[in-house]
Amino acid sequence: RLRKWQRRIRVSDASERNLAFALSELDRIASKLGLPRNVRENAAVLYRGAVEKGLIRGRSIEGVAAAALYAACRRCKVPRTLDEIAEVSRVDRKEIGRTYRFISRELNIRLAPTNPVDYVPRFASELKLPGEVESKAISILKDAGKKGLTSGRGPTGVAAAAIYIASVLQGTRRTQREVADVAGVTEVTIRNRYKELTEHLDIDVTL
Amino acid sequence: MEPEIKIVNVVVSTQIGTDIDLEYAADVLDNAEYEPEQFPGLVCRLSDPKVALLIFRSGKLNCTGAKSKSDAEIAIKKIIAELKEAGMEIIDNPEVSIQNMVATTELGMEPNLDDISTLECTEYEPEQFPGLVYRLSDPKVVVLIFGSGKVVITGLKKIDDAYTAFNKILTTLKELEEEFY
DNA sequence: ATATTACTTTTCAAAGC
DNA sequence: GCTTTAAAAAGTAATAT
């Protein structure tokens, strides 16, 4: 009947409006965080998948959008922390984290734990460090991983310590404060990871 | 050789009455707090069995922080005695049931959490928490595994399940070890 | 620069919002 | 879902000395 059609049109109108809102939210957060196009597209695909499976029910569009972006960043190897995404979202870190867990499970997306190595290019670039420091930091992280020095530790903290050490070794030193600020960790964390890495990997950092 | 597993927390529930006057109970009990605006239950802390008890208007009571079921029962008997002395209508020997237990133990080795996280029944987000979350369906418990090899088992209804769960996980981890060898 | 204290995760019941 | 209670694990954070 006519009413049925009207309802369908209304529903489809609402769906389109919601999708448009979600996509604009993805774009807003993505541009604020300076995320590349492929990440936005990946997040959009995840969001559409969530809509198709009815995962939005009981959840806010903004929360799902933020979670999709968080997942997309990790998939594309350009991770942002939950805190970084929460900073530019209206949704808090706890809600984004729980929504991320929910959609990744429902969409059968299993992401490996964030690799500290994935944070190195971004942090090193923000610190204006040369490619040699980046390579050195990555090799330190690979050795650290083999020795179990990264398990259970926050990826950003380990990455920050590796970059700090590499910057000193390559003669382009950045202070712990500078590295801590771009990595979003405290100097105490860098010091703790620094001690662990230099001791267990026999790295001589003579100043 | 049974692994040494320690019970570090026992949560128990029971019924000590029908319509408890929490305002009155709060005045009678020593370390009691009752702020209905904040939480509907009365909170009471005991020091000898070091526990915390939550008493509700319905007469339902929860006891947390005990190291064993008997410790929880001792604590509940003490509270019952105090309330009875104050002239309240309280059930004498209520049947208590274990709602949850938390246990700790050790793996005896330093596991590779990244490898274990490939299992579908696990969650591992070091950015958020250093422990890997391992959900077992039989027995239905949750196990936290740390890089140090320390383990926390929670969601336990009976002590035996801690051993069953721990051995099941050990077996799975051995198989994983061969896979990633 | 180090020492506290506190919060992250998981589990469970209770009554009410 | 949240509120409150307890407890362990290890990392990180905020604040005190």
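Side chains are part of it too, since the values below use all heavy atoms of this structure and drop only hydrogens, waters and symmetry mates. Reminder, nothing fancy here: chain letters follow the sequence lines and each chain counts from 1.
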- Item | base_contact_polar (dT11(C) base, Thr154(B) side chain, donor-acceptor, <3.5 Å) | yes
Which nucleotide in the list [options] gets nearest to the side chain of [X]?
X: Lys94(A); options: dT5(D), dC2(D), dA9(D); value: dC2(D)
X: Ser58(B); options: dT9(C), dC12(C), dA15(C); value: dA15(C)
X: Val152(B); options: dA9(D), dT11(C), dA14(C); value: dA9(D)
X: Arg101(A); options: dA14(C), dT5(D), dT9(C); value: dT9(C)

- Using a strict cut-off of less than 4.0 Å between a Lys/Arg side-chain nitrogen and an Asp/Glu carboxylate oxygen, indicate whether Asp48(B) and Lys78(B) qualify as a salt bridge. yes
- Message: Rounding to an integer number of angstrom, what distance separates dT4(D) and dC7(C) when you compare their P atoms?
- Response: 11 Å
- Item | dA3(C) and dA7(D), which share atom name C1', separated by this distance in whole Å | 23 Å
Please report, rounded to the nearest Å, how far the [atom2] atom of [N] is from the [atom1] atom of [X].
X: Tyr124(B); N: dT10(C); atom1: OH; atom2: P; result: 15 Å
X: Gln15(B); N: dA13(C); atom1: CD; atom2: P; result: 15 Å
X: Arg98(A); N: dT10(C); atom1: CZ; atom2: C1'; result: 14 Å
X: Ile76(B); N: dA14(C); atom1: CD1; atom2: P; result: 14 Å
X: Gln38(B); N: dT5(D); atom1: CD; atom2: C1'; result: 12 Å
X: Asn62(B); N: dA6(D); atom1: CG; atom2: C1'; result: 11 Å
X: Leu42(B); N: dT3(D); atom1: CG; atom2: C1'; result: 15 Å
X: Glu35(B); N: dT4(D); atom1: CD; atom2: P; result: 10 Å

Is the phosphate of [N] approached by [X] (side-chain N or O, under 4.0 Å from OP1 or OP2)?
X: Arg135(B); N: dT11(C); result: yes
X: Lys50(B); N: dA7(D); result: yes
X: Arg93(A); N: dC7(C); result: no

- Query: What string of B, S and - do you get for nucleotides 11-17 of chain D 5' to 3' if you count protein non-hydrogen atoms under 4.0 Å?
  - Reply: SSSS---
Can I get a per-line list of side-chain donor-acceptor pairs under 3.5 Å for residues 38-55 of chain A, giving both atom names and the distance, sequence neighbours left out?
from, atom 1, to, atom 2, distance (Å)
Arg40(A), NE, Leu35(A), O, 3.3
Arg40(A), NH2, Leu35(A), O, 3.4
Asn42(A), OD1, Arg75(A), NH1, 2.9
Lys53(A), NZ, Glu106(A), O, 3.3

- Within residues 94-119 of chain B, the residues having a heavy atom closer than 4.0 Å to DNA chain D are Val102(B), Thr104(B)
- Item | Glu199(A) side-chain N/O to Glu196(A) backbone N/O, donor-acceptor pair under 3.5 Å | no
- Give me the residues of residues 106-123 of chain A where at least one heavy atom lies under 4.0 Å from an atom of DNA chain C, by number, or none. none
- Message: For DNA chain C, which residues of residues 142-150 of chain B approach it to below 4.0 angstrom with any heavy atom?
- Response: Val142(B), Leu144(B)
- Task: Evaluate the side chain to side chain contact (heavy atoms under 4.5 Å, CB included) criterion for residues Val10(B) and Val12(B): first the C-alpha distance (whole Å), next the side-chain angles of each, then the deciding distance (0.1 Å), finally the verdict.
- Result: CA-CA 6 Å; Val10(B) 177; Val12(B) 125; 4.3 Å; yes
- Message: Any donor-acceptor pair under 3.5 Å linking the side-chain atoms of Tyr164(A) with those of Arg193(A)?
- Response: no
- Counting any heavy atom closer than 4.0 Å, what does Val11(B) reach on the DNA or RNA strands: base, sugar-phosphate only, or nothing? base
- Query: Base, sugar-phosphate, or nothing: which does Arg45(B) touch, judged by heavy atoms less than 4.0 Å apart?
  - Reply: sugar-phosphate
- Is there any ring-ring contact (aromatic ring centres under 6.0 Å, His included) pair reaching into residues 62-99 of chain A, and which pairs are they, with sequence neighbours excluded? Tyr70(A)-Tyr100(A)
- Query: Passes side chain to side chain contact (heavy atoms under 4.5 Å, CB included), Phe39(B) versus Leu54(B)? Steps please.
  - Reply: CA-CA 10 Å; Phe39(B) 188 68; Leu54(B) 300 181; 4.2 Å; yes
- Whichever of Asn9(B) and Phe56(B) has its nearest DNA chain D nucleotide further upstream toward 5': Phe56(B)
